[in-house]
Every structure is written in C-alpha cells, then in structure tokens.
Amino acid sequence: MTKVYVGMSGGVDSSLTAALLVEQGYDVTGVYMKNWTQDLPGMKCPWADDLADAKRVAVQLGIDFKVFDFENEYRHKVVDYMIEEYKLGRTPNPDIMCNQEVKFKLFLETALEDGADMIATGHYAKAVGGSWNMVDGKKEFNTDASHLPSTIYHLQQAADTNKDQTYFLYRVTGKALQKTLFPLGEFTKPVVRDMAKERGLITAGKKDSQGICFVGKIGIREFLSQYVEQKSGAIIDKRTGKKLGHHDGAIFYTLGQRHGLDVGGGLPYYVVGKDMDKNEVYVTTNLNDETLWRDTVGLQNLHWINSAPQPGEYKIRIRHRAPLTDAALTFTDTGVELKLHDQQRAITAGQSVVIYDGDVCLGGGIVA
RNA sequence: UGGGAUGUCGCCAAGUGGUAAGGCAUCGGCUUUUGGUGCCGACAUUCGGGGGUUCGAAUCCCUCCAUCCCAG
C-alpha cells in the first residue's frame, strides 16, 4: 500500500485532496506544515485555526496526522529572500520560492525520511509520467510507459485552466514530481467544492486563502515596513520631471502600480520606475508608456523541470492567471531572452516568467 | 501701487438664476495562493468670507480676503 503524506493547510483543496486519496486506497497521513506563526501588527496569524481545521479533517477521515515544523527554514528561504529582493528594488514572488524550497524539497525530503512513499498537495496541476518515443521521426511523450527507467515527470496545466497553479510550481523538479500526487488536477474548483460538501468536510465552505500565506490579510506594505525603515522620497512625473508628491519608501512600490501614491488630479498615475539609491518613484499618466509595455524580456536564474528546451517558439506566462501568450526563446550568456509576439504589461524585475510547451510547464526564470 | 485673471470635495474640473456632473486620490468590497492590474460601491445640504437682489443664486450686485500674471 502506497504511503502518501498530504500537505494539509486547513483549506478546502487540501482537505479534499486527502479525502480523495483515502478513497483511492492510499495509506494517507495528513501533515500540517508550520511555516509561519508570528502575529503581525493589525493581524493575528491564523496558523492555529488552520492547524485545527486540518486536524479536524484528518480526524474526520480517520487518517494519521502530523505537524512538520519548518518555521526556521521558511523564514530563511522564503521570507528573507523576499525582503532582500525588495531591498534590491525588485518584486519577488515568495510563493514560488515556498514551493521550490519548502513544499517540494523540504517537505518531500522530510516525508520520505519519515517513511512516506509519496507526497500530495491540493495544487491545481498535473504531474504526468511517461517517456519520449520516436514515432514517424517525431518525438512523442508516451504516458503508458510511466514505469520505464527512462520515465520522466512532466508538470502539466490543470483541467481547470482558471485555477491552474503551474505558474507557482515551475521551480519544482521532475524528480520531485515523480514522488508527488496532485489529485485535484483533473477537477474544476466548483466541482472540488461540491465534492468537499458531499463528503461533509468541515472546510467545504471555507473561503479560499489569498495573499502571501504569512502576510494574509494585511498588505505587503505593512509586512515589509516591519523589516525596513520608512524613508520619505519624491514621486516624480517621468515626462515632466516634476515632483508630484511624497512616498514613505520606494521599496513599497512596484511597476505598473496605481494605488497608494496619493497623487491625484486628472488621470490616474502608474508607477513606471524607481531609483532605490535616490529613493525616488517615477510615475506617468501615459497608459502606453514604453517601460510599462514590453515585448522582449531577459530571464535569469533559470529553472527547468526536466531539461532545458531547444530555442524556438513557446507559450509563456508573465504572471499568475495571465493567459498564455506566444514568444520566441533564445539563449544568452546569462540566461534566456524572450521575444513576445504581443506586448505584455508591467513585466517586472524579480517576477517570474514561466514557459510552456502546449500544456506542459517546462520551467522558466526570473525577470532580470 | 496701478491693469488683468482666478477662487466649486485633498487634486483636476463641469455648472452663468431653479435647487452641486465627471475624473484622480482616498476608503470599503469583489476578483486573485506573489507584487500588481481590473471591476463594483461610498465620498461637497455645499460652491473663499460677509452682506444684498430674488419665490429661488455656485451662478446677479456690493464688499472684504487669497492667489496668479503684466506693469513697476
């Protein structure tokens, strides 16, 4: 009997994930990953409630339940990374780092050491095993051959393209996917909710979590201000060079941002750049500003789930939930250069661009 | 000190006798397992102050105040 450790966050998705695995005959253990427990000013960290919910579901399902304490590693690998990136004037994506370093590395390793054969999460994604065959001189991925030594594991988009979370998962490894189950990959969110309800899971009606897990309800700005000193600087109109107002730190602003500038009069202003040394934020009312719309992007810090792709035409995604768009990929000394067929708005340094071949998520990199 | 112009929500700005548009900002909500975007909703009993005319004024008159521009 395959022993599976399910990451249970106390939400609907991971609850149903565990329930489905039980029904499918796995030997299931629920695991709550304790990543962040600190209260923040103006917000109580909901970890205790989430843990309680996860535990209640585990009891409901009659499965073993454990807590893995990753607080230390999470703080270093995810939170520190995030703060450092912001300090450099970039806009990181901590959830991608969390998946890379914690869920599909630390959790996986810890679970395996603890006796698990596989892990599972409630992500909307598919891990598909198979191997490459030559058919009529063309490479084909044969999923029937998922037991061969040559088998590799692909990350594929979820059936529910609206909820697909492969964007957040592009930095996992094919090797990790081999040990991973994504039972929700075939279902749409409404169906998941219904199934959770049918099974009487106490989390069935729980609202989807949003925002960075540990930041939760409060904003990134409030979170960051705990770690960096607020320093007043100028908000400057890019076209006229005129000073329009003040901000409390360029670190709090990101490309394309509209709100929080407290400058008004006429048209809305959008952030089009910033200078961390001068602590200046540049804005414009020009919706077509050339730094806001780009059709080329350089990627560094590349990560490929299996192997690096050949140069050529691919689908890419610039941010979570953005539609896939066409781009030509070439390699450079430092990484990858993408030439997009259509311009995309606010491609931001520190954010990730994820590359797809059809439904298959190949990997990606971080915007230089 | 003469001459001209202007003063309507934090900002921009309609409204020239009939009982305060709209946009930005802000706030709240929705969307979203990053940031961000987007969407919806709220937001001036009051029009620089004070008088007056009128059934009725932000809109007309008087006066004061403030700001800007040109002269000096």
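Lettering follows sequence order; numbering is per chain, from 1.
Under 4.0 angstrom from either OP1 or OP2 of B/U26 there lies at least one side-chain N or O belonging to A/H259. For B/U34, neither phosphate oxygen OP1 nor OP2 lies less than 4.0 angstrom from any side-chain nitrogen or oxygen of A/R321. The side chain of A/H320 contributes an N or O atom lying less than 4.0 Å from OP1 or OP2 of B/U33. Note on A/K163: a side-chain N or O is less than 4.0 Å away from OP1 or OP2 of B/U33.
A gap of 10 Å separates the C1' atoms of B/A14 and B/U8, to the nearest Å. Distance noted for atom P between B/A21 and B/A44: 10 Å (whole Å). For the P atoms, the distance from B/G48 to B/C12 is 14 Å, rounded to whole Å. Comparing the same atom, C1', in B/G50 and in B/A42 gives a spacing of 34 Å after rounding to whole Å. B/G49 and B/G38 are spaced 44 Å apart, taking the C1' atom of each and rounding to whole Å. With P as the reference atom, B/G15 and B/G72 are 36 Å apart, rounded to whole Å. A distance of about 15 Å separates the P atoms of B/G36 and B/G29, rounded to the whole Å. The same atom, C1', is picked in B/U59 and in B/C40; the two are 35 Å apart, to the nearest Å.
Taking the side chain as every heavy atom from C-beta outward, A/V28 and A/L61 never approach each other to under 4.5 Å. Residues A/R239 and A/V272 have side chains not in contact (no heavy-atom distance under 4.5 Å, counting atoms from C-beta outward). Residues A/D160 and A/F187 fail the side-chain proximity criterion, which asks for heavy atoms closer than 4.5 Å. In this structure the side chain of A/D95 never reaches within 4.5 angstrom of the side chain of A/Q165, judged on heavy atoms.
If you take CZ of A/R317 and P of B/U34, they are 13 Å apart, rounded to a whole angstrom. The distance between atom NZ of A/K87 and atom P of B/G35, rounded to the nearest whole Å, is 20 Å. The distance from atom CG of A/N93 to atom P of B/U33 is 13 Å, rounded to the nearest whole Å. Here B/G35 presents its C1' atom at 11 Å from OH of A/Y81, a figure rounded to the nearest Å. Atom CD in A/E222 sits about 13 Å away from atom C1' in B/G35, given to the nearest Å. Look at CG on A/D237: it is 18 Å from P on B/C11, rounded to the nearest Å.
In this entry B/G22 has B/C12 as its Watson-Crick or G-U wobble partner, both defining distances falling under 3.5 Å. Pair check for B/A44 finds none; no Watson-Crick or G-U wobble contact set falls under 3.5 Å. In a base pair of the Watson-Crick type (N1 to N3 plus N6-O4 or O6-N4) or a G-U wobble (N1-O2 and O6-N3), with each distance short of 3.5 Å, B/G17 is matched with no nucleotide. The pairing partner recorded for B/A66 is B/U6, the criterion being a Watson-Crick or G-U wobble arrangement whose two distances lie under 3.5 angstrom.
The side chain of A/D262 lies closest to B/A25 when the candidates are B/A25, B/U34, B/U33. Distances from the side chain of A/D208 to the nucleotides B/A25, B/U33, B/G36 place B/U33 closest. Checked against B/U31, B/U37, B/U33, the side chain of A/K207 finds its nearest nucleotide in B/U31. Side-chain proximity of A/I220 to the nucleotides B/G36, B/G38, B/U31 is greatest for B/G36.
Residues A/T203 and A/S15 come closest through the heavy atom pair OG1-OG, 2.8 Å. Minimum interatomic distance between A/T330 and A/P311 (heavy atoms only, all atoms of both residues): CA-CB, 4.5 Å.
Take the nearest nucleotide of RNA chain B for A/Y253 and for A/N162: the residue whose nucleotide is more 5' is A/N162. Between A/L261 and A/T91, it is A/L261 whose nearest contact on RNA chain B lies nearer the 5' terminus.
At a cut-off of 3.5 Å, with distance as the only test, no side-chain donor of A/R75 or A/Q38 sits close to an acceptor on the other residue.
At a cut-off of 3.5 angstrom, the base of B/G35 holds at least one donor-acceptor pair with the side chain of A/T348. The base of B/U37 does not come close enough to the side chain of A/Q257 for any donor and acceptor atom to sit less than 3.5 Å apart. One can find a donor-acceptor pair under 3.5 Å joining the base of B/G35 and the side-chain atoms of A/R319.
Contact check on A/K315 versus A/D326 returns a salt bridge, with a Lys/Arg side-chain nitrogen under 4.0 Å from an Asp/Glu carboxylate oxygen.
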Do A/Y26 and A/D117 pass the side-chain hydrogen bond (donor to acceptor under 3.5 Å, both in side chains) test, and can you show the C-alpha distance, the side-chain angles, and the key distance before you say yes or no?
CA-CA 10 Å; A/Y26 289 99; A/D117 299 307; over 6 Å; no
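Less than 4.0 Å separates RNA chain B from at least one heavy atom of each of the following residues of residues 266-298 of chain A: A/G266, A/L267, A/P268, A/Y270.
A cation-pi arrangement, defined by a distance under 6.0 Å to the six-membered ring centre and an angle within 45 degrees of its axis, is present between A/R345 and A/Y270.
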